[in-house]
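Data block below; observations after.
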Amino acid sequence: MEWVYIKDLKNYVERDVELRGWVRRKRSSGKISFIEMRDGSGFVQVVIEKSTVGDDNFAQADKLRLESSLIVRGKVRKDERAPNGVEILANEVIPVQIPSEDFPIQKPDHSIEYLMDHRHLWLRAKRQFHVLRIRDAVMKAIRKFYWERDFVQVDTPIFTGAIGESAGNLFEIDYFDYGKVYLAQTGQLYLEAACMALGKVFNLGPTFRAEKSKTRRHLIEFWMNEAEVAYYEHEDNIRLQEDLVYYIVQYVLNNAYDDLIAIGRDVSKLGKVQKPFPRMTYTEAVEFLQKHGSDIKWGNDLGADEETTLSKQFDSPLFVTHYPRHVKAFYMQPDPSNPEVVLCDDLLASEGYGEIIGASQRIHDYDLMIERLEENNLPIDKYDWYLDLRQFGSVPHSGFGLGVERTIAWIAGLEHIREAIPFARTLYRIHP
RNA sequence: UCCGGCGUAGCUCAAUCGGUAGAGCGGGUGGCUGUUAACCACUAGGCUGGGGGUUCGAGUCCCUCCGCCGGAGCCA
C-alpha cells in the first residue's frame, strides 16, 4: 500500500493509502472513534469504526493517547463534515509507540513559561507548525531574491576576533591555548571584504549579542541577512532594501497564505505594503515627534516608543535616514552636504514592530576611517585587514543587515519574537 | 544593569479583613456509531517555589534567596 502525506490526500479520493504520523487529538465512543492525525505535512481526521476494523484492532486503537505515533491504513473519503474535505476510514490502525505518560501540552491553555520549558514538544502544536512554515518561506524568499539578482552567497565566520561595531556585547569563547575568540555579532566587515572580490554579496546566518535585553523584540542568538555591494551608494542601498522587503512580503503572501490565515494574521495589512516605502530624515522625524508631544532633542537616538509612533503613521515600512553620526557606528559615510549626519537608514516595520533593517554607506577613505576609529577609541591594530580594504582599490560601497526573526514576527503578526525561531535563546533561557 | 509583575493539584486559575485548600481542564473507571476544546456519571489528586520572621493562627503580612514574565537602555 502506498505511503502518502496528508497534504496530498485530495489526489487519492476513494483509494486505499497508508499514513504515518501522530495522534493530535482523540474523541471516542463505544463503537466509533475519531483521531485527528498529523504527519508534518498537514492534519486529517481518521474515523475508526469497530464494525470495520474488528474488535481487537478497535481495542488496540482505543489505547492510543495524545502524541502516540501510529500508522493508519484506510480509504480516503470525501466528507462534507471533515474540515478539509477529506477524511480516512481506517481499515487498520498500527500503533508505533504509545507514551506511558500524558503529553504535557493538552489544551491551548498554558503559560508562556510552561510552553517555553516544553518547546521541543510545543513545536508540534498547530500554531507553531504554521509559524515555522512561514519562517521557512521567509528564508526561501531571501535567498531567491538575491540569487535572482546575481548576488553571491558568502558565508561569514561565526568565530571572530574582537572586531565589530562595539566590543561590549560580545560572547567570549576559550580558543584552546591561544586566548579568546568571540561569537560574531555581524558579518558586515567580512562582507565588505567579499564585495570587493565578488561585487554583490549576501549572507544568511546566526549572530550573537551579549545584551541583557528582555523585550519582545530581542534574542541573544538571532539570524541576520546582510548584503553588501561595491559601488553602491546610499540611494542604491535604500532601493535594494525596499525591493528585498517587498519581495519577501509578496513571496510569503503567495507561498504561505494558508499558514498566515491559519494563525489569524490580518493579511489585508500585508496587502497594503506598497513601493516606494515612505521616507523621513532623522531631522524630520524629530520635528514630527516634537509636534506630537515628545520632548526628544536633536542628537538623541530614537527610542522604542518614538519608533512605534513614527511607523504607525504608515501602512508600509518606514525609512528613517541621515541620523546624527554620534548615535551611529564608526564606519558610516558622512553626508557631503552635512557632515554632522551620516548616509544611513533604519527601516521600521509597520504596525509598531520596530527596526528590521540597519543600513549605511560605508566609509571608503582610508584617512577618514582612521580618524573615526581613533575617535571611538577602537584598537586600530585589530582593524588591520579592514583598513587594507581602503588601501587597495577602495570604492564607495553600501550594505545593510535585516533581522530575520523581527521580519518574521512582523509578517506573521507575532506578539513575541521568540515564536519566530524554533529554539529561542533569550536572556536566562537556553533549555531546551 | 534598572523598574514592575508573578510563583497555590499534572495544567490554567480562585481562595473576601490573617481563621478548616477550591474549580475547570487533564488523568483513572464505566457509558455512548458522527465527534470537532465531544458529551454524561463516578473517582484519585496538595510540603501553597526554598529558607527565616511576626502572630493564638500565614496561601495571605515582613525579610531573604531562587525561578519565570513584561518593560527600559542597546540593538536587528
Side-chain angles (χ1 to χ4, degrees), chain A residues 24-36 43-53 58 62 65-66 77 79-84 87 89 99-118 125-126 164-166 168-169 184-188 205-226 241 245 300-308 317 327-329 345-349 353-359 400-410 415-418 420-421 426-429 431:
Chain A
R24 194 178 108 77
R25 245 169 225 157
K26 194 179 121 183
R27 296 171 283 275
S28 67
S29 301
K31 291 171 185 150
I32 186 169
S33 62
F34 304 92
I35 286 174
E36 205 178 314
F43 305 86
V44 72
Q45 176 163 275
V46 177
V47 183
I48 305 164
E49 295 175 344
K50 199 175 200 172
S51 57
T52 308
V53 300
F58 190 84
D62 202 48
R65 322 173 68 164
L66 258 57
R77 291 198 312 201
D79 195 310
E80 306 232 329
R81 290 168 294 192
N84 45 359
E87 61 179 26
L89 179 62
S100 56
E101 292 175 34
D102 300 341
F103 192 69
I105 299 171
Q106 301 273 355
K107 288 277 171 88
D109 192 20
H110 295 288
S111 64
I112 202 67
E113 177 182 356
Y114 183 84
L115 290 170
M116 288 305 288
D117 283 342
H118 297 83
K126 213 166 191 171
E165 298 178 20
S166 61
N169 48 13
Q185 57 173 236
T186 172
Q188 178 197 319
T207 49
F208 306 86
R209 302 279 165 95
E211 294 161 358
K212 293 201 166 182
S213 302
K214 293 165 62 75
T215 80
R216 74 185 68 198
R217 300 183 308 281
H218 286 88
L219 294 169
I220 302 301
E221 173 185 325
F222 67 96
W223 282 59
M224 190 151 64
N225 158 235
E226 296 172 288
Q241 296 158 47
V245 171
N300 296 348
D301 202 1
L302 302 179
D305 286 349
E306 280 95 21
E307 287 187 355
T308 302
V327 304
K328 288 293 180 184
D345 66 83
D346 284 356
L347 184 64
L348 310 180
Y353 276 92
E355 184 179 346
I356 56 171
I357 282 181
F400 62 89
L402 170 87
V404 171
E405 285 78 16
R406 285 189 183 175
T407 303
I408 295 164
W410 164 55
E415 292 215 349
H416 198 297
I417 195 172
R418 70 186 146 217
I421 186 166
T426 57
L427 199 54
Y428 310 133
R429 183 173 287 287
H431 175 89

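Within every chain, numbering begins at 1; the chains are lettered A, B, ... in the order of the sequence lines, protein sequences first and strands thereafter.
- The base of B:rC75 is not paired with the side chain of A:S213 by any donor and acceptor separated by under 3.5 Å.
- Using atom P as the reference point in both B:rU35 and B:rG30, the two lie 24 Å apart (nearest Å).
- In terms of polar N and O atoms assigned as donor or acceptor, the side chain of A:E87 comes within less than 3.5 Å of the base of B:rG34 in a complementary pairing.
- The shortest distance between the side-chain N/O atoms of A:R216 and the OP1/OP2 oxygens of B:rG71 is below 4.0 Å.
- Between the CD1 atom of A:I32 and the P atom of B:rU33 there is a distance of 9 Å, given to the nearest Å.
- Within the 4.0 angstrom heavy-atom criterion, base atoms lie near A:S28.
- A:E113 places its CD atom 8 Å from the P atom of B:rU12, with the value rounded to the nearest Å.
- Residue-level contact check: A:H416 touches the backbone only, with heavy atoms under 4.0 Å from sugar-phosphate atoms and none from bases.
- Of the two residues near RNA chain B, A:L66 and A:V47, the one whose nearest nucleotide lies more 5' is A:L66.
- Taking the side chain of A:D305 as heavy atoms from C-beta on, and the options B:rA72, B:rA76, B:rG34, the nearest nucleotide is B:rA72.
- No hydrogens or angles were tested; on distance alone, nothing pairs the side chain of A:S33 with the base of B:rU33 as donor and acceptor under 3.5 Å.
- In this structure, A:H110 does not count as stacked on the base of B:rU12 under the 5.5 Å centre distance and 30° plane angle limits.
- Regarding A:D79, its CG atom lies at a distance of 18 Å from the P atom of B:rU33, rounded to whole Å.
- Look at NZ on A:K26: it is 9 Å from P on B:rG27, rounded to the nearest Å.
- Glycosidic conformation at B:rC32 (O4'-C1'-N9-C4 for purines, O4'-C1'-N1-C2 for pyrimidines): anti, more than 90° from 0.
- If you measure from atom CG of A:N300 to atom P of B:rG73, you get 11 Å, rounded to the nearest angstrom.
- Not one side-chain nitrogen or oxygen of A:K214 sits closer than 4.0 Å to the OP1 or OP2 atom of B:rG71.
- Within 4.0 Å (heavy atoms only), A:T207 reaches no atom of the nucleic acid at all.
- Checked against side-chain hydrogen bond (donor to acceptor under 3.5 Å, both in side chains), A:E113 has no partners two or more places apart in sequence or in another chain.
- A:Y114 is linked by a ring-ring contact (aromatic ring centres under 6.0 Å, His included) to A:H110, A:H118, counting only residues two or more places apart in sequence or in another chain.
- Across all strands shown, A:D301 has heavy atoms under 4.0 Å from sugar-phosphate atoms exclusively, and none from any base.
- Listed by chain and number, the residues in a side-chain hydrogen bond (donor to acceptor under 3.5 Å, both in side chains) with A:T215 are A:H218 (sequence neighbours excluded).
- For A:R209, the side-chain atoms get nearest to B:rC75 when compared with the rest of B:rC75, B:rG34, B:rG28.
- Spacing of P atoms, B:rG59 relative to B:rG53, comes out at 15 Å, to the nearest Å.
- On the C1' atoms, B:rC74 is 34 Å away from B:rC63, given to the nearest whole Å.
- The separation between A:L219 atom CG and B:rC74 atom C1' is 15 Å, rounded to whole Å.
- Side-chain atoms of A:D301 and A:E306, non-hydrogen and from C-beta on, never get closer than 4.5 Å to each other.
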Practice problem: Any chance you could encode RNA chain B as dot-bracket? Rule is Watson-Crick or G-U wobble with both distances under 3.5 Å; [ ] for pairs crossing earlier ones, | for another strand. | Solution: (((((((..((((.....[..)))).(((((.......))))).....(((((..]....))))))))))))....
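- Across all strands, A:E226 comes closer than 4.0 Å to no nucleic acid atom at all (heavy-atom distances).
- At whole-Å resolution of the value, CZ in A:F103 and P in B:rG27 are 13 Å apart.
- A donor N or O paired with an acceptor N or O is found under 3.5 Å between the base of B:rG34 and the side-chain atoms of A:R77.
- Comment: A:K328 engages A:D346 in a salt bridge, judged by a side-chain N to carboxylate O separation of less than 4.0 angstrom.
- Two residues are said to be in side-chain contact when any heavy atoms from C-beta on lie closer than 4.5 Å; A:L66 and A:D102 fail this criterion.
- One P atom belongs to B:rG18, the other to B:rU60, and the distance between them is 11 Å to the nearest Å.
- Looking only at side-chain heavy atoms (C-beta outward), A:F58 and A:I48 come within less than 4.5 Å of each other.
- Taking every side-chain heavy atom of A:Y114 into account, B:rC11 is the closest of B:rA37, B:rC74, B:rC11.
- With sequence neighbours excluded, no residue forms a ring-ring contact (aromatic ring centres under 6.0 Å, His included) with A:F208.
- In the set B:rG34, B:rC75, B:rG73, the nucleotide with an atom closest to the side chain of A:E211 is B:rC75.
- The distance from atom CZ of A:F208 to atom C1' of B:rC75 is 16 Å, rounded to the nearest whole Å.
- Residue contacts shown for A:R418 are limited to sugar-phosphate atoms, with no base heavy atom under 4.0 Å away.
- The number of heavy atoms from other shown groups lying within 6.0 Å of NZ (A:K31) does not exceed 12.
- Closest-nucleotide positions on RNA chain B for A:F222 and A:G303 were compared, and the one nearer the 5' end corresponds to A:G303.
- The two residues A:T426 and A:I220 make their nearest non-hydrogen contact at C-CG1, 3.6 Å.
- Nucleotides B:rA23 and B:rA14, compared at atom P, are 16 Å apart to the nearest Å.
- Residue contacts shown for A:G401 are limited to sugar-phosphate atoms, with no base heavy atom under 4.0 Å away.
- Scored by the side-chain hydrogen bond (donor to acceptor under 3.5 Å, both in side chains) test, A:D305 finds no partners at all (sequence neighbours excluded).
- Counting only heavy atoms from C-beta on, A:R406 has its side chain closest to B:rC75 among B:rC75, B:rU35, B:rG71.
- Rounded to the nearest Å, the gap between the C1' atom of B:rG22 and that of B:rU8 is 10 Å.
- Only the C1' atoms considered, B:rA58 is 15 Å distant from B:rG51, to the nearest whole Å.
- Rounded to whole Å, the separation between the P atoms of B:rC42 and B:rG24 comes to 11 Å.
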